[in-house]
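Before any comments, here is the structure.
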2 protein chains.
Amino acid sequence: MLIIGERINASRKRIAPAVENKDAGFIIQEAGMQIEAGADYVDANAGTFGPEREPGLLCWLVETIQGSHECRISLDSPNPAAIEPALKLHKGKALINSISLETARFDSLLPLVRDHGTDVIAMCADDQGMPTDLENKLRIAGTLVEKLTAAGVPLENIYVDPLVYPISTDHSYGTVVLQAIERIMTGFPGVHTSIGLSNVSYGLPFRFQLNQMFMVLAMGRGLDAAILDPTDKRLMANVITASALLGRDEFCMKYLEAHQGGKLDLE
Amino acid sequence: MLIIGERINASRKRIAPAVENKDAGFIIQEAGMQIEAGADYVDANAGTFGPEREPGLLCWLVETIQGSHECRISLDSPNPAAIEPALKLHKGKALINSISLETARFDSLLPLVRDHGTDVIAMCADDQGMPTDLENKLRIAGTLVEKLTAAGVPLENIYVDPLVYPISTDHSYGTVVLQAIERIMTGFPGVHTSIGLSNVSYGLPFRFQLNQMFMVLAMGRGLDAAILDPTDKRLMANVITASALLGRDEFCMKYLEAHQGGKLDLE
């Protein structure tokens, strides 16, 4: 399971001033907490500062985080003018978060994904919008995989995001995404799926509980990556437990390690 | 989701003396706790006392529990000599737990299931044993459904139990059962599936956590009944949350009610 730590996003109240004021200590701490909690990628998003300031701030985030931690960064922007300079500074294999089937976005980000050999999140959206139904999600997923691989992007670098919508809006939205995950994973063996987990609980109370359970349900359908807050200890305990139950943890070694490390018994 | 409360089982340390000494107060309290926590059926098992004493003690359990609570009992025995008199005392629709494809068991319990119109758990076991592989579980499930319905048992009274084995024994046992649940539910629309939840975690530490997560994974595959301890508050919170995420809780009403009743926030 690939965990993308979502916390360093300038749309969040405590992150915005830290990015704006280049508070390196705070950002380094936020990155460290997430890595310690199990993040494979640290997401970095400076999109709220607008197209003029975003490139500089995204570059500063990459340099600041990688200056103190050995980790990979998820460059969270649709803006090639921000991603390209950040990629040049980035050490190791980056993740571009995200491409989609929107023509302008696809055409401008594809060369960066391909030429830098990055991982890429491929959102199920196109010029007509962001579909909520299974058929259109699957249609876009198929076209994305086809076009990306035809352009030379290895299948194993692609993380299809079927787009999670709040179940408070329509009570079928959860099952539609679960079905999409399974169909994408079985339809394109070797591809990955990723979700922005917390969208599912928007508009409902006690969102942690919904996020924690949806993660398990999505893993049950084959999900192998997610953007989430890894400092939610119960969520991460659930990921470890579900991995064991789903036969992805031989001899339950990681489960037993987590138990010995006090990471399961959280009451 | 049909919840069968498992606690009144004479193989449990605190239950055995209460049954033996006919401690009605204790049994009534155990039943009440489970009903309060959401049990639809209260399981009653006096099997450890042997074939001579079991019928009398099972009858005493039925009379004691139904004398104080409006509830239905899961008559947990393979022994028709215990089930038949208990059924005569039972008010309302009982559950027979359980029939299987073992010839003697099937032939002796079928008339009771059919003539009393009970619900019935149908275990995926036959004269060759209790298979751990998907193919044989499905073969037995199919034959059970076929033979029971041919004998006049309505499909909606049948709860197929694919038999959960500990993942500590073989790390594929979890996924085999999850696949079996989905195949049985889609193969026989209208039938139910039920599992003895806690078997999955046998031999591993912090079993609550494994049980809680496996319940969610099984619900994700269509499970609609389980034998479990409903006084595990987090387990029941997970059932309510998973129901909402799986589109089985219109407008998330039960989730919102549970939240307002303080049943979700358990830290």
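Quick note on labels: first sequence line is chain A, next is B, and so on, each numbered from 1. Being a predicted model, the structure only gives us computed values, none of them experimental.
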Is the number of heavy atoms from other residues, nucleotides or ligands within 6.0 Å of CZ (A/Phe26) greater than 12? yes

Is B/Leu256 close to A/Leu204 at the side-chain level, that is, under 4.5 Å between some pair of heavy atoms? yes

Please flag which part of A/Tyr173 lies under 4.5 Å from any non-hydrogen atom of chain B: side chain, backbone, both or neither. neither

Quick check: do A/Leu217 and B/Leu217 have side-chain heavy atoms less than 4.5 Å from each other? no

Quick one: CZ on B/Phe206 to CG on A/Asp265, what's the gap to the nearest 0.5 Å? 4.0 Å

A/Gln179, part contacting chain B, at a heavy-atom distance under 4.5 Å: neither

Is A/Lys93 atom NZ crowded by more than 12 heavy atoms from other residues, nucleotides or ligands, each under 6.0 Å away? yes

Over all atoms of both residues, closest heavy-atom pair of A/Ile167 and B/Cys252: CD1-SG, 3.8 Å

Would you please say whether a donor-acceptor pair under 3.5 Å links the side chains of B/Asn238 and A/Gln209? yes

Look at A/Val200, A/Leu210, A/Thr175, A/Asp170 and state which one has the largest set of heavy-atom pairs under 4.5 Å with chain B. A/Leu210

Going by heavy atoms in the side chains, are A/Phe251 and B/Ser168 under 4.5 Å from each other? no

Mind checking whether A/Leu178 and B/Leu245 have side chains closer than 4.5 Å, heavy atoms only? no

Take atom CZ of A/Arg183 as the centre, draw a 6.0 Å sphere, and report whether it contains more than 12 heavy atoms from other residues, nucleotides or ligands. no

Output for pair (A/Arg234 CZ, B/Gln212 CD), nearest 0.5 Å, gives 7.0 Å

Within-4.5 Å side-chain heavy-atom neighbours: B/Met213 and A/Met213: yes

Specify which of B/Arg221, B/Gln260, B/Glu250, B/Met219 makes the most heavy-atom pairs with chain A at under 4.5 Å. B/Arg221

